[in-house]
Asker: 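I'd like to ask you about the structure that follows.
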Amino acid sequence: MERLGRPFAVEDTLVWVQSPDPEPQMEAAYNGNGFVTLMEDECCGNDTYLLVVTGPCRGEVWYRAEPGIVRLKNCSFLDWLELHLSKKLQKFIREQLKANQSATEKMDLILAVREKVEQRRKRGANWNPPISLNEVQDFERRHGITLPKEYVQFITQIANGIESDTWVIYPLQTFDDMPGLAEPFPFQTEEDFAKTPMKEHYNPINPSFWDSWGKYFPDITIPDQVHKTWLKEEYSVLRGALPVAAHIEPPNTPKKFLGQTILVLNGAFRGQMWSINFQFYIPNQFSNFLPYIRDTLV
């Protein structure tokens with residue numbers, strides 16, 4: 001009870017990764033000083049609603065999640081309860097985030113992704129539970145890499161993959177035995193990208209980009225052991241990338257498209273999502289993993 005009378009030290013909406021020194025604010029958001037916890041959802045990114053009882057924000061409800069904390073300005077307990085019961089709370093939070101977009105766009109993106117995932121879950125999608133940050137760091141140590149932060153956010157806060165009849169996002173542990181993750185991605189610079197014209201490969205009657213690979217990258221060949229996640233062995237020349245997702249057309253389709261989405265791990269295009277298929281590749285389809293999930297899920 002003593003903590004309830006102490007000052008609530010958070011001043012406004014804050015995304016932890018955007019703060020140069022987030023530790024004091026994170027401590028204030030979790031230490032129980034000046035707030036009462038109204039509701040906590042441990043299975044959905046530790047979403048928590050706090051009622052502030054001291055200081056200038058006294059009487060307001062705040063929203064706390066793993067990426068940061070959001071001030072629901074002028075939202076009283078009764079306002080919050082009404083929004084919750086009418087299932088309009090997430091929409092209200094999104095509106096609050098848009099009002100402070102410069103400081104919260106990353107958190108807004110995570111909320112949008114989480115909402116899409118939950119919609120799919122309600123329709124029967126079987127998402128894998130998130131994994132711990134320690135598991136991610138162990139994977140990084142063993143492979144000598146650092147995974148892009150947006151991908152890490154997704155697999156530690158939202159879901160570690162999904163599998164359906166036509167689409168799969170592989171869980172991280174699928175890549176435990178994958179070689180070559182620390183090797184340079186073949187397209188390290190804009191110059192590497194410029195030397196592989198795609199236009200001639202768009203026409204399916206012409207040789208595919210993969211058939212012409214040796215012309216562009218004669219020193220990078222298919223490895224002796226091709227990892228099981230590559231839909232075609234030709235794709236495995238893309239060292240330094242995770243084939244995080246695969247899109248497979250139904251079995252009765254005359255010709256399988258064999259499309260995959262890869263996450264680039266190093267070089268000038270690190271963090272980008274590229275699309276590959278049996279004929280060619282599409283660079284920078286998404287700037288990082290989170291918008292890929294947000295825009296792919298319908």
Side-chain angles (χ1 to χ4, degrees), residues 1-19 21-101 103-119 121-122 127 129-134 136 149-150 152-160 290 294:
M1 294 296 291
E2 180 185 350
R3 288 186 175 275
L4 292 181
R6 296 176 183 174
F8 180 64
V10 184
E11 298 176 355
D12 209 341
T13 296
L14 184 66
V15 179
W16 312 134
V17 296
Q18 294 180 341
S19 172
D21 184 21
E23 293 299 328
Q25 298 287 302
M26 291 180 69
E27 170 66 18
Y30 284 88
N31 62 14
N33 289 347
F35 68 82
V36 174
T37 300
L38 297 176
M39 185 174 73
E40 185 171 11
D41 187 353
E42 294 182 356
C43 72
C44 192
N46 291 320
D47 291 6
T48 305
Y49 296 92
L50 316 173
L51 176 63
V52 179
V53 297
T54 62
C57 298
R58 183 175 182 269
E60 285 185 350
V61 175
W62 288 47
Y63 166 72
R64 187 186 70 203
E66 291 184 3
I69 190 166
V70 179
R71 179 186 179 185
L72 306 182
K73 196 171 182 179
N74 299 322
C75 180
S76 69
F77 171 75
L78 291 178
D79 294 331
W80 171 81
L81 185 60
E82 182 180 352
L83 288 165
H84 175 62
L85 293 176
S86 63
K87 301 188 184 302
K88 296 179 180 178
L89 191 53
Q90 285 296 315
K91 181 181 178 181
F92 179 74
I93 293 172
R94 297 283 295 277
E95 290 171 350
Q96 294 288 308
L97 288 168
K98 287 178 181 178
N100 193 12
Q101 190 169 7
T104 59
E105 59 183 10
K106 289 186 179 180
M107 193 172 189
D108 188 27
L109 177 58
I110 291 176
L111 287 172
V113 169
R114 183 175 294 156
E115 187 176 332
K116 287 289 188 74
V117 167
E118 287 305 309
Q119 288 172 359
R121 196 190 306 274
K122 289 175 181 177
W127 293 92
I131 59 175
S132 70
L133 189 57
N134 285 338
V136 173
K149 62 181 182 298
E150 296 86 2
V152 173
Q153 282 181 301
F154 183 82
I155 63 176
T156 60
Q157 298 178 20
I158 300 177
N160 182 33
L290 292 176
R294 179 195 62 195

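Note that these values count all heavy atoms, side chains included, but never hydrogens, waters or copies made by symmetry. This structure is a prediction, so every number in the text was calculated from the model and none was measured.
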Asker: Determine the minimum heavy-atom distance between Arg94 and Glu115, stating which atoms define it.
Answerer: NH1-OE1, 3.1 Å

Asker: What distance separates Lys149 NZ from Gln153 CD, expressed to the nearest 0.5 Å?
Answerer: 7.5 Å

Asker: For Arg114 and Asp47: C-alpha separation, side-chain torsions, deciding distance, then whether side chain to side chain contact (heavy atoms under 4.5 Å, CB included) applies.
Answerer: CA-CA 11 Å; Arg114 183 175 294 156; Asp47 291 6; 2.8 Å; yes

Asker: Mind telling me whether Tyr49 and Tyr63 have parallel, tilted or perpendicular rings, with 30° and 60° as the class edges?
Answerer: tilted

Asker: In Å and rounded to the nearest 0.5 Å, what is the CD to CD distance from Gln90 to Glu95?
Answerer: 11.5 Å

Asker: Do NZ/NE/NH1/NH2 and the carboxylate oxygens of Glu2 and Arg6 come within less than 4.0 Å?
Answerer: yes

Asker: Measure from the side-chain N and O atoms of Glu60 to the backbone N and O of Cys75, and report whether any donor-acceptor pair falls under 3.5 Å.
Answerer: no

Asker: Going by heavy atoms in the side chains, are Leu50 and Ile69 under 4.5 Å from each other?
Answerer: yes

Asker: What is the minimum heavy-atom distance between Ala28 and Asn31, and which atoms define it?
Answerer: O-OD1, 3.3 Å

Asker: Could you give the distance from CD (Glu118) to CG (Leu111), rounded to the nearest 0.5 Å?
Answerer: 11.5 Å

Asker: Can you tell me how far apart CZ (Arg64) and CG (Leu14) are? Round to the nearest 0.5 Å.
Answerer: 13.5 Å

Asker: Within the supplied structure, the quantity of interest is the number of heavy atoms (other residues, nucleotides, ligands) at a distance under 6.0 Å from Arg3 CZ; does it exceed 12?
Answerer: yes

Asker: Measure the shortest side-chain to side-chain distance between Leu38 and Leu81 over non-hydrogen atoms and say whether it is less than 4.5 angstrom.
Answerer: no

Asker: Please report the interatomic distance CG(Leu89) to CG(Asp79), rounded to the nearest 0.5 Å.
Answerer: 11.0 Å

Asker: Given Arg71, which of Val61, Val10, Thr13 fulfils the side chain to side chain contact (heavy atoms under 4.5 Å, CB included) condition?
Answerer: Thr13

Asker: Please report the C-alpha distance between Val117 and Phe154 in whole Å, then the side-chain angles of each, then the deciding distance to 0.1 Å, and finally whether the side chain to side chain contact (heavy atoms under 4.5 Å, CB included) criterion is met.
Answerer: CA-CA 11 Å; Val117 167; Phe154 183 82; 4.0 Å; yes

Asker: Rounded at 0.5 Å granularity, tell me how far CG in Leu133 sits from CD1 in Ile155.
Answerer: 9.0 Å

Asker: Knowing that exactly one of Trp80, Phe35, Phe8 qualifies, which makes a ring-ring contact (aromatic ring centres under 6.0 Å, His included) with Trp62?
Answerer: Phe8

Asker: Ignoring hydrogens and geometry, is there a side-chain-to-backbone donor-acceptor pair from Gln157 to Pro130 under 3.5 Å?
Answerer: no

